[in-house]
K.L.:
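First the structure, which I've put down as structure tokens, then a few questions once you've had a look.
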2 protein chains.
Amino acid sequence: MNSSRPVTIKDIARRFRCSPSTVSRALNDHPAINEDTRKNIQEYAREVGYQRNEVSLSLLNKKTASLGVVVPTISNYYETAVIEGLHQALQPMGYTLNICVTNENYALEKEYLAKLLSNRTEGIFLSVSQETYDSGYYEHLESVIQRKTPLIFIDREYEDFETSRATVDDYHGAFAAVEHLINIGYKNIAHLKGPNGLTVSEQRFKGYVDCLKKYDMPVQEEFIINTNFKVESAIVPTKRLLEMAMPPDAIFGVNDQVAIGAMRVVKDKGLRIPQDVGLVGFDNSPISAYTFPSLTTVSRPGRKIGMEASRLFLNQVNGAEDFKHESIVLPSELIIRESSLRI
Amino acid sequence: MNSSRPVTIKDIARRFRCSPSTVSRALNDHPAINEDTRKNIQEYAREVGYQRNEVSLSLLNKKTASLGVVVPTISNYYETAVIEGLHQALQPMGYTLNICVTNENYALEKEYLAKLLSNRTEGIFLSVSQETYDSGYYEHLESVIQRKTPLIFIDREYEDFETSRATVDDYHGAFAAVEHLINIGYKNIAHLKGPNGLTVSEQRFKGYVDCLKKYDMPVQEEFIINTNFKVESAIVPTKRLLEMAMPPDAIFGVNDQVAIGAMRVVKDKGLRIPQDVGLVGFDNSPISAYTFPSLTTVSRPGRKIGMEASRLFLNQVNGAEDFKHESIVLPSELIIRESSLRI
DNA sequence: ATATTGAATGCAAACGTTTGAAAAAATTTC
DNA sequence: GAAATTTTTTCAAACGTTTGCATTCAATAT
């Protein structure tokens with residue numbers, strides 16, 4: 001029976017009664033190889049579908065050309081945009097991305113990191129899980145650092161390590177969003193906050209609070225309600241907001257999903273957007289431009305983050321002597337649409 | 001200077017003046033190793049942060065425990081759900097997923113497949129790119145087949161190979177959607193079609209056509225317009241539809257994105273949904289439940305597809321003698337919401 | 001004291017490839 | 001036709017780990 005063991009250089013060598021070195025050189029167009037030999041070997045190799053075993057090469061050269069991307073989720077527009085950016089920048093350099101989804105889970109994150117190191121991954125892009133962030137345990141990163149495997153933080157960062165980071169300026173994005181609502185004339189602005197403890201949630205929250213303070217508007221405890229970033233998690237909180245004795249006249253959602261959930265509830269109550277309630281989201285997801293009314297939002301340059309992160313990584317590996325870690329903060333941009341344009 | 005070369009078994013062996021075999025056995029709790037030796041070695045290994053080089057093991061055992069996932073895009077809800085399903089099923093078995101995004105590009109798909117084979121990936125989940133599908137060139141899959149690397153088709157399939165497949169029953173989903181519109185009483189049903197040539201597009205299109213035929217309704221050429229699956233690609237086509245002398249009274253979108261784009265245009269025209277225009281999408285994306293009105297749609301069990309595909313793969317590798325390739329077709333399910341409920 | 005056992009360790013090969021140096025073969029030069 | 005030169009090929013080591021078999025050494029049985 002024809003076993004399907006991949007054909008190796010040794011097999012070819014046997015066939016031509018020559019040494020493996022000759023085959024290797026022939027296949028790599030080494031100049032010291034006789035023209036005929038080269039042609040014959042290359043032809044035969046093509047014929048039998050020879051494909052070099054990269055595993056053995058990795059072992060020999062201690063290069064794997066593979067990079068780890070460790071993220072809490074891939075089911076958001078933003079995350080996939082980041083990954084696309086990484087792809088776009090790194091695929092042409094011959095790198096392969098190993099995408100690991102932690103589901104916000106510490107144990108899984110730890111396991112993935114160990115595995116990536118064991119597989120001699122050449123670099124790791126990490127957006128830490130919520131559990132990690134909450135717990136404050138960063139021991140699992142020690143070995144990454146110790147191994148000097150380049151580690152690039154994405155979005156969620158951890159101050160204690162000397163690493164490169166690429167993040168979006170959530171704070172000023174949120175600030176601008178709330179400022180815009182205030183400028184339009186909204187007086188009572190609620191916030192559908194993200195999960196506690198996450199940088200993105202907290203930064204946006206801080207932007208919201210600081211902006212209110214700047215304009216001497218009260219920060220009302222009951223106007224701040226948690227969500228988990230998903231559409232459906234906005235429903236109950238928004239209902240609660242609208243049923244208050246003194247309901248808000250504008251809502252700032254931690255992301256577009258949540259804002260869209262809120263939009264639905266507002267409409268169900270028979271209130272008009274933006275006349276009765278103003279609405280702002282975050283992310284500039286494709287759909288936000290086509291809701292009715294279209295959603296004012298803050299754009300996060302996910303793809304660009306991915307590309308910047310790649311640049312930071314490449315800087316590090318092509319490391320000049322004077323290499324220094326960088327912290328890139330990309331600006332977010334307010335996109336004004338109908339949902340906040342009360343005239 | 002302390003080089004950061006990962007510490008190897010040989011390093012440890014040198015330290016204890018013993019052979020690498022002993023270290024290896026000690027670390028793997030081999031019974032023939034002296035208790036003290038074992039403890040000392042293990043302790044030291046932990047201390048210096050030894051991590052086994054999996055690359056060398058891969059070479060030795062010809063097992064890499066890594067799987068390729070080759071998809072055209074990851075920026076849709078459905079695709080990420082599939083990947084999550086794969087993850088959920090395969091991560092616990094110790095497999096690592098290598099996600100490759102082809103951007104519907106033939107050359108990139110070919111390159112990725114070659115790379116995966118070179119890296120001795122143990123299995124490949126493939127949803128072929130549109131270019132591949134269009135061109136009909138499947139030569140790049142020959143080597144996968146030849147190497148007997150398990151190949152599981154996802155959604156977009158190719159009939160000529162003996163492989164396993166997991167797909168969603170798009171045809172009957174589309175059929176049910178259109179039938180529902182007809183039952184409600186819509187008479188002129190347009191279709192915002194996906195890109196030509198793709199199985200999903202064509203199957204849904206076929207379901208649409210066949211259903212119309214079943215109910216003796218005319219299939220009108222000008223009611224069928226192409227989109228590229230994205231929200232914005234629905235805008236112009238929908239406008240064109242609504243500005244016809246005899247405009248449709250219902251629109252079946254190839255996916256939710258497109259339907260949501262159409263929803264926006266319909267509302268802009270001042271028409272009411274579902275009274276003036278009925279609307280149905282496809283995918284049951286999270287947002288579809290919270291648009292206003294909520295969107296009638298067809299759910300595609302992405303996560304389940306991922307898990308089924310995993311099952312097919314595992315069947316194949318744990319291969320019983322009597323292993324046979326399977327073609328799983330999961331049903332899609334009509335989800336009736338407000339956008340089509342004209343009473 | 002010697003043979004026998006058992007425990008602990010070492011040797012060497014293997015996985016597939018590359019590469020500097022050495023060797024062999026072919027060609028040129030006188 | 002031998003020496004010198006050039007071209008082509010082979011050898012051997014290396015990457016890090018595992019594993020069957022051989023070896024060593026001490027303890028026990030005779």
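Per chain, numbering begins at 1; letters A, B, ... match sequence-line order.
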K.L.:
Nearest to the side chain of S56(A) - dT9(D), dG16(C), dT17(D)?
P.N.:
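Nearest listed nucleotide: dG16(C).
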
K.L.:
Is any side-chain heavy atom of T199(A) less than 4.5 Å from a side-chain heavy atom of D155(A)?
P.N.:
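Of all side-chain heavy-atom pairs linking D155(A) with T199(A), none is under 4.5 Å.
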
K.L.:
Determine, for K324(A) against E326(A), whether the closest basic-nitrogen to carboxylate-oxygen distance falls under 4.0 angstrom.
P.N.:
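E326(A) and K324(A): not salt-bridged.
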
K.L.:
Going by number, which of residues 42-51 of chain A have a non-hydrogen atom under 4.0 Å from DNA chain D?
P.N.:
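DNA chain D contact set from residues 42-51 of chain A: none.
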
K.L.:
Find the distance L57(B):CG to dT19(D):P and express it as a whole number of Å.
P.N.:
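Distance, rounded to whole Å: 8 Å.
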
K.L.:
Quick check: does any side chain N or O of N61(B) sit under 3.5 Å from a backbone N or O of K63(B), one acting as donor and the other as acceptor?
P.N.:
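Side chain of N61(B) to backbone of K63(B), a donor-acceptor pair under 3.5 Å: no, none is there.
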
K.L.:
Is any side-chain N or O of K62(B) closer than 4.0 Å to OP1 or OP2 of dG16(C)?
P.N.:
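For dG16(C), OP1/OP2 do have a side-chain N/O of K62(B) under 4.0 Å.
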
K.L.:
R147(B) has an atom CZ; how far is it from atom P of dG16(C), in whole Å?
P.N.:
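In whole Å, dG16(C) P lies 11 Å from R147(B) CZ.
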
K.L.:
Is the distance from OP1 or OP2 of dC11(C) to the nearest side-chain N or O of S19(B) less than 4.0 Å?
P.N.:
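The answer is no; no side-chain N or O of S19(B) sits under 4.0 Å from OP1 or OP2.
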
K.L.:
Contact class for T8(A) (heavy atom, under 4.0 Å): base, sugar-phosphate, or nothing?
P.N.:
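Touches sugar-phosphate only.
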
K.L.:
Spell out yes or no: do the side chain of R25(B) and the base of dG10(C) have one donor N/O and one acceptor N/O closer than 3.5 Å?
P.N.:
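Yes, the side chain and the base share a sub-3.5 Å donor-acceptor pair.
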
K.L.:
Measure the distance from CD1 on I12(A) to P on dT18(C) and round it to the nearest whole Å.
P.N.:
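So the two atoms are 11 Å apart, to the nearest Å.
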
K.L.:
If you check every side-chain atom of A32(A), which of dC15(D), dT18(C), dT8(D) has the closest atom?
P.N.:
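That would be dT8(D).
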
K.L.:
Using a heavy-atom cut-off of under 4.0 Å over every strand shown, decide if R120(B) touches base, sugar-phosphate, or nothing.
P.N.:
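Contact class for R120(B): none.
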
K.L.:
Any donor and acceptor pair, going by atom type alone, linking the side chain of N53(B) with main-chain N or O of V55(B) inside 3.5 Å?
P.N.:
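Side chain of N53(B) to backbone of V55(B), a donor-acceptor pair under 3.5 Å: yes, one is there.
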
K.L.:
Does this structure show an ion pair linking D11(A) with R5(A), if we count only N-O contacts that are shorter than 4.0 Å?
P.N.:
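Judged by the 4.0 Å cut-off on N to carboxylate O distance, D11(A) and R5(A) do form a salt bridge.
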
K.L.:
Between E79(A) (side chain only) and I74(A) (backbone N and O only), is there a donor and an acceptor less than 3.5 Å apart?
P.N.:
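A pair under 3.5 Å: no.
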
K.L.:
Look at K10(B) and dC15(D) and indicate whether a side-chain polar atom (N or O) is within less than 4.0 Å of OP1 or OP2.
P.N.:
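For dC15(D), OP1 or OP2 has a side-chain N or O of K10(B) closer than 4.0 Å.
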
K.L.:
Pick the nucleotide of DNA chain C nearest each of L59(B) and P20(B); which residue has the one closer to the 5' end?
P.N.:
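The residue closer to the strand's 5' end, by nearest nucleotide, is P20(B).
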
K.L.:
Does the pair R38(A)/E35(A) count as a salt bridge with the N-to-O cut at 4.0 Å?
P.N.:
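Yes.
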
K.L.:
Base, sugar-phosphate, or nothing for R38(B), non-hydrogen atoms under 4.0 angstrom?
P.N.:
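Nothing, no heavy atom under 4.0 Å.
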
K.L.:
Please give, in whole Å, the distance from dT17(D) P to I41(B) CD1?
P.N.:
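It works out to 13 Å between those atoms.
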
K.L.:
Kindly say if S24(B) contacts the phosphate of dT17(D), meaning a side-chain N or O under 4.0 Å from OP1 or OP2.
P.N.:
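No, because none of the side-chain N or O atoms of S24(B) sits under 4.0 Å from OP1 or OP2 of dT17(D).
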
K.L.:
Let's see if you can work this out: which of dC15(C), dT17(C), dT9(D) has an atom nearest to the side-chain heavy atoms of I33(A)?
P.N.:
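The nucleotide sitting nearest to the side chain is dT9(D).
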
K.L.:
Remember a base hit wins even if backbone is also touched, and classify T37(A) as base, sugar-phosphate or nothing at under 4.0 Å, heavy atoms.
P.N.:
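Sugar-phosphate, no base atom in range.
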
K.L.:
Just to confirm, is there a sub-4.0 Å distance from OP1 or OP2 of dT17(D) to any side-chain nitrogen or oxygen of N53(B)?
P.N.:
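Answer no for this pair, as no side-chain N or O of N53(B) is under 4.0 Å from OP1 or OP2.
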
K.L.:
Between K63(A) (NZ) and dT17(C) (C1'), how many Å, whole number?
P.N.:
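To the nearest whole Å, that distance equals 16 Å.
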
K.L.:
All N/O contacts under 3.5 Å from nucleotides 24-27 of chain D to the protein, with atom names and distances to one decimal?
P.N.:
none

K.L.:
Could you give the CZ-to-P distance, from F16(A) to dT8(D), as a whole number of Å?
P.N.:
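Checked: the CZ to P distance equals 17 Å.
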
K.L.:
Between the base of dC11(C) and the side chain of S21(B), is there a donor-acceptor distance below 3.5 Å?
P.N.:
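Under the 3.5 Å cut-off, the side chain and the base do form a donor-acceptor pair.
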
K.L.:
Which nucleotide in the list dA14(D), dG10(C), dT9(D) gets nearest to the side chain of L60(A)?
P.N.:
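For L60(A), the side-chain atoms sit closest to dA14(D).
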
K.L.:
Quick check: are there more than 12 heavy atoms from other residues, nucleotides or ligands sitting under 6.0 Å from OH of Y137(A)?
P.N.:
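No - once you tally the heavy atoms of other residues, nucleotides and ligands closer than 6.0 Å, there are 12 at most.
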
K.L.:
How is N61(A) classified with respect to the nucleic acid when contacts are heavy atoms under 4.0 Å: base, sugar-phosphate, or nothing?
P.N.:
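Touches nothing.
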
K.L.:
Can you tell me if the side-chain N/O atoms of R52(A) get under 4.0 Å from OP1 or OP2 in dT18(C)?
P.N.:
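Indeed, a polar side-chain atom of R52(A) lies that close.
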
K.L.:
Report yes or no: does T37(B) contribute a side-chain atom to a donor-acceptor pair with the main-chain N or O of I33(B) at less than 3.5 Å?
P.N.:
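Not a single qualifying donor-acceptor pair exists.
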
K.L.:
Check the distance between dT19(D)'s P and D29(B)'s CG and give it to me in whole angstrom.
P.N.:
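My rounded result for the distance is 13 Å.
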
K.L.:
What residue pairs, at least two apart or across chains, pass side-chain hydrogen bond (donor to acceptor under 3.5 Å, both in side chains) with a residue in residues 112-126 of chain B?
P.N.:
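side-chain hydrogen bond (donor to acceptor under 3.5 Å, both in side chains) check on residues 112-126 of chain B returns H87(A)-Y112(B).
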
K.L.:
Keeping S58(A) on the side-chain end and E54(A) on the backbone end, is there a donor-acceptor pair under 3.5 Å?
P.N.:
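Yes; at least one donor-acceptor contact below 3.5 Å.
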
K.L.:
Can you tell me how far P of dC21(D) sits from NE2 of H30(B), to the nearest Å?
P.N.:
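Between P of dC21(D) and NE2 of H30(B): 13 Å.
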
K.L.:
Considering just the side-chain nitrogens and oxygens of N28(A), establish if one lies under 4.0 Å of OP1 or OP2 belonging to dT18(C).
P.N.:
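For N28(A), the contact criterion (side-chain N or O under 4.0 Å from OP1 or OP2 of dT18(C)) is met.
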
